[in-house]
Enquirer: 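Would you mind keeping the following structure in view while I ask a few things?
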Amino acid sequence: MKIIDQNVQDIEKEIDSYHPNVKTEEIGWVTEVKDGVITLKGLDNVSYGEMITFDSGVTAMVIDLLEDQVGAIVLGNYLSLQFGDLAKATGKTLSVPVSDEIIGRVVNPLGEVIDGGSPIKADTLYPVEKMAPGVVARKSVTVPLQTGIKAIDALIPIGRGQRELIIGDRGTGKTTIAIDTILSQKGQNVICIYCAIGQKNSKVAGLVELLKENKAMDYSIVVSAAAADPASQQYIAPYSATAIAEYFLDKGKDVLVIYDDLTKHAYAYRQISLILRRPAGREAYPGDVFYLHSRLLERSCRVTEEYGGGSITALPIIETLENDVSAYIPTNVISITDGQIFLESDLFNSGIRPAINVGVSVSRVGATAQAKAMKQVAGRLKLDLAQYREKAAFAQFEGDLDEETKSLLGRGARMSQILRQKKNNPYDLATQVAIIWAAKGGYLDALPVEEVEIFEGKLVEALHTRGKKLLEKINDKKILGEEEEKELEKFVKELVK
C-alpha cells in the first residue's frame, strides 16, 4: 500500500509541476496579390503598421484595415507570394536598425546596406512611424543652419529645426541647393541624411561620389528607394530616413534631412491606394494624402535641453509642372512647411543660378535664425532688390532717368549679380558677409556689371590667402565689428583699384 501511495504522490507532484506551453498565433491567408500590395483574410486582431511574415521569408506591413480583410504592402519580392499562402502576425511595428555605424553608408528604407560594404551592427531599432514631439518638448528655432548659398543665407535664412520647402520645375537646380547645403555642413557638427525617392540609381551613385570627393560622406547618410524599387519601398523611404534622424536627435545632435522628392512619394502612395481600391479624390489622390506629408514633416523640430536639445531640419523637395505652385501636392506641402525657396525655370534659363525667385520665396522663421553678422549686411537687402526690380521694369519705358534712379538701378544690378553662385561651391559665413558688405557699401558701383563676378573671385581668393585671420574672427564672433569693417575696407579698396 505504501508503494502505491508513494506512486500516487509522485504522479500528483508531476501533474502540479507541469505547465503547458501554449502559444497562440494570429494566422491569416492571402486572397489577392497585386503589384506589391496584398489583401489577406483571417487576421482579425492586427493593427495598422504591424509586420506580418510568410513561410517564404518575405515580410509585409499592414496599411489598410477593413471589416472583413486587411491590406498590406510587401517589403520584398511580392512575386514569391500567391493565393492561399499563410501569413503570421508578429505583433511588432516596422522598425529600422540604427547605430552610429550608419554614418557614411548608403542604405535602403529597411536599413539594409546597398553600397556593397559590410552590414551595419545595429544598437537598437527605431519605429518607422512615430508620433511627432509635442509642443512642451519643442523649442523655438534660433540657431542658423548655413547653406553656404549667399541668396539663401542672406534673404531666406534657414534655422536648425525648421522645415523649408524647395520647389520648382524639373531641372531648375533643386537637388543642387540641397547638396550644396550638405557640403556646407563640414565642421558644423550636423549629421546630414539624403533620402532619394524614385530617383535613378545612376543619379544617386553620382551624388554619393560627389559627397565622397568633398569628404561629406564622413557626416552623411543616404537612404535610397530607387525608381526601379517597388512603390512600397518608395512609400516608407522618407519615414525610415526620419527614424534614423530621430536616433541622432535623441542623442542631442543636429540633423539635416533632405527628401528628394515628395512628389514621387505622393505618386507611390497614390499607386498603393488605387490598388487597395480606396476612393480617389482630387487628381486621383486618396483623401488622406495631406496627412501623408504632415505626419512626416511634423517630426522635424528643435527640442528643449530636457529632451536632449537636438534638432531635425527638413528640406523637402517638390517638383512643379510649368511653375504651377497651386497644384494639389505643392499647396499641401507649402501649408505644412515654414517657408519655401521657389526656383523659376525662366530665371534658370536666363543664366541666373541659383534660380531663386526672391519675391515668392519666404522663410517664416526669418532673421530670428540668422547670424548677427549676416543681419548687419543683409537687413534691407530683400527690400532693396524688390525696389530695384520694380524700377528696372519701369526704366525699360523711360527715356531720361535722374541720377538717383540711375544709381539705384546700377547698385541693384550689381547686387543681383553678386547673389549668383556656381554649383557645389558653398561659402562660409565670413566670406558671404564680406562679399555682400562690399556690394552693399557701394564699393562695386564703379565696376562694370560683367566684371563683378571676376572681382568676387579675386576677393574670395585674397581673403582665403591673406585674410584668413579676418575670416576666422568673423566666423568665431558671428559679428562684424568696427575693427573687422576697417580691415575689410582695406582689402576691398585694394582690389577695386
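Because the structure is a prediction, the values reported are computed rather than measured.
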Enquirer: Using side-chain heavy atoms (C-beta onward) and a distance below 4.5 Å, is P330 in contact with T320?
Expert: yes
Enquirer: Please test F348 against R353 for side chain to side chain contact (heavy atoms under 4.5 Å, CB included), starting from the C-alpha separation and ending with a verdict.
Expert: CA-CA 6 Å; F348 187 87; R353 315 278 167 84; 3.4 Å; yes
Enquirer: Please report the closest heavy-atom contact between S224 and D229, naming both atoms and the distance.
Expert: O-OD2, 4.2 Å
Enquirer: Evaluate the salt bridge (charged side-chain N to carboxylate O under 4.0 Å, His left out) criterion for residues K251 and D100: first the C-alpha distance (whole Å), next the side-chain angles of each, then the deciding distance (0.1 Å), finally the verdict.
Expert: CA-CA 11 Å; K251 294 179 93 175; D100 286 358; 2.8 Å; yes
Enquirer: So L66 and V70, do their side chains get closer than 4.5 Å, heavy atoms only?
Expert: no
Enquirer: Is it true that K215 and D218 have a side-chain N and a carboxylate O under 4.0 angstrom from each other?
Expert: no
Enquirer: Set out, in order, the CA-CA distance, both residues' side-chain angles and the distance that settles side chain to side chain contact (heavy atoms under 4.5 Å, CB included) for Y235 and S232, then state yes or no.
Expert: CA-CA 5 Å; Y235 163 64; S232 56; 5.6 Å; no
Enquirer: Heavy-atom count check: over 12 atoms from other residues, nucleotides or ligands less than 6.0 Å from Y48 OH?
Expert: yes
Enquirer: Please give me the minimum heavy-atom distance between L463 and A434, naming the atom from each residue.
Expert: CD1-CB, 3.6 Å
Enquirer: Does the distance from a Lys or Arg side-chain N to an Asp or Glu carboxylate O, for E456 and K150, drop under 4.0 Å?
Expert: yes
Enquirer: Would you please test L480 and I474 for side chain to side chain contact (heavy atoms under 4.5 Å, CB included) and show each step?
Expert: CA-CA 6 Å; L480 190 66; I474 299 169; 3.8 Å; yes
Enquirer: Is there a donor-acceptor contact under 3.5 Å from the side chain of S361 to the main chain of V358?
Expert: no
Enquirer: Given 3.5 Å as the limit, does a donor-acceptor pair link the side chain of S311 with the main chain of D254, or not?
Expert: no
Enquirer: Should the pair Y247 and Y126 be assigned to parallel (<30°), tilted (30 to 60°) or perpendicular (>60°) ring geometry?
Expert: perpendicular
Enquirer: Spell out, as yes or no, whether a donor-acceptor pair under 3.5 Å connects the side chain of Q421 to the backbone of G148.
Expert: yes
Enquirer: Just do the ring-ring contact (aromatic ring centres under 6.0 Å, His included) check on H293 and Y269 with the steps written out, would you?
Expert: CA-CA 11 Å; H293 292 145; Y269 186 61; 8.6 Å; no
Enquirer: Over all heavy atoms of both residues, which pair between T93 and M51 is shortest? Give the atoms and the distance, please.
Expert: C-CG, 3.9 Å
Enquirer: Keeping D428 on the side-chain end and T431 on the backbone end, is there a donor-acceptor pair under 3.5 Å?
Expert: yes
Enquirer: Identify the two heavy atoms, one from I418 and one from A439, that lie closest to each other, and give their separation to 0.1 Å.
Expert: CG2-CB, 4.2 Å
Enquirer: Determine the sole option in K34, R277, E32 for which the side-chain hydrogen bond (donor to acceptor under 3.5 Å, both in side chains) test with T39 is passed.
Expert: E32
Enquirer: Using atom types as modelled and distance alone, determine if a side-chain donor or acceptor of S363 lies under 3.5 Å from a backbone N or O of I158.
Expert: no
Enquirer: So does D64 pair up with R278, basic N to acidic O under 4.0 Å?
Expert: yes
Enquirer: With a 4.5 Å limit on heavy-atom distance, are the side chains of I177 and D180 in contact?
Expert: no
Enquirer: Can R364 and E164 be counted as an ion pair, charged N to O under 4.0 angstrom?
Expert: no
Enquirer: Quick check on the 6.0 Å ring-centre criterion: do H464 and Y427 meet it?
Expert: no
Enquirer: Whether the side chain of Y259 engages the backbone of L297 through a donor-acceptor N/O pair (distance < 3.5 Å, no angle test) should be reported.
Expert: no
Enquirer: Decide if atom CZ of R380 counts as having more than 12 heavy atoms of other residues, nucleotides or ligands within a radius under 6.0 Å.
Expert: no
Enquirer: Any side-chain to backbone donor/acceptor pair from K174 onto D169? Under 3.5 Å, distance only.
Expert: yes
Enquirer: Is R420 paired with E453 through a side-chain N to carboxylate O contact shorter than 4.0 Å?
Expert: no
Enquirer: Salt bridge check, E298 against R163: does any charged N sit closer than 4.0 Å to a carboxylate O?
Expert: yes
Enquirer: Is it the case that over 12 heavy atoms from other parts of the model lie below 6.0 angstrom from the CD atom of Q387?
Expert: yes
Enquirer: Does a sphere of radius 6.0 Å around NZ in K200 hold more than 12 heavy atoms from other residues, nucleotides or ligands, not counting ones at 6.0 Å or beyond?
Expert: no
Enquirer: Is R411 close enough and on-axis enough to Y388, meaning under 6.0 Å and within 45°, for cation-pi?
Expert: no
Enquirer: So with a 6.0 Å cut-off around CG of D324, is the heavy-atom count from everything else above 12?
Expert: yes
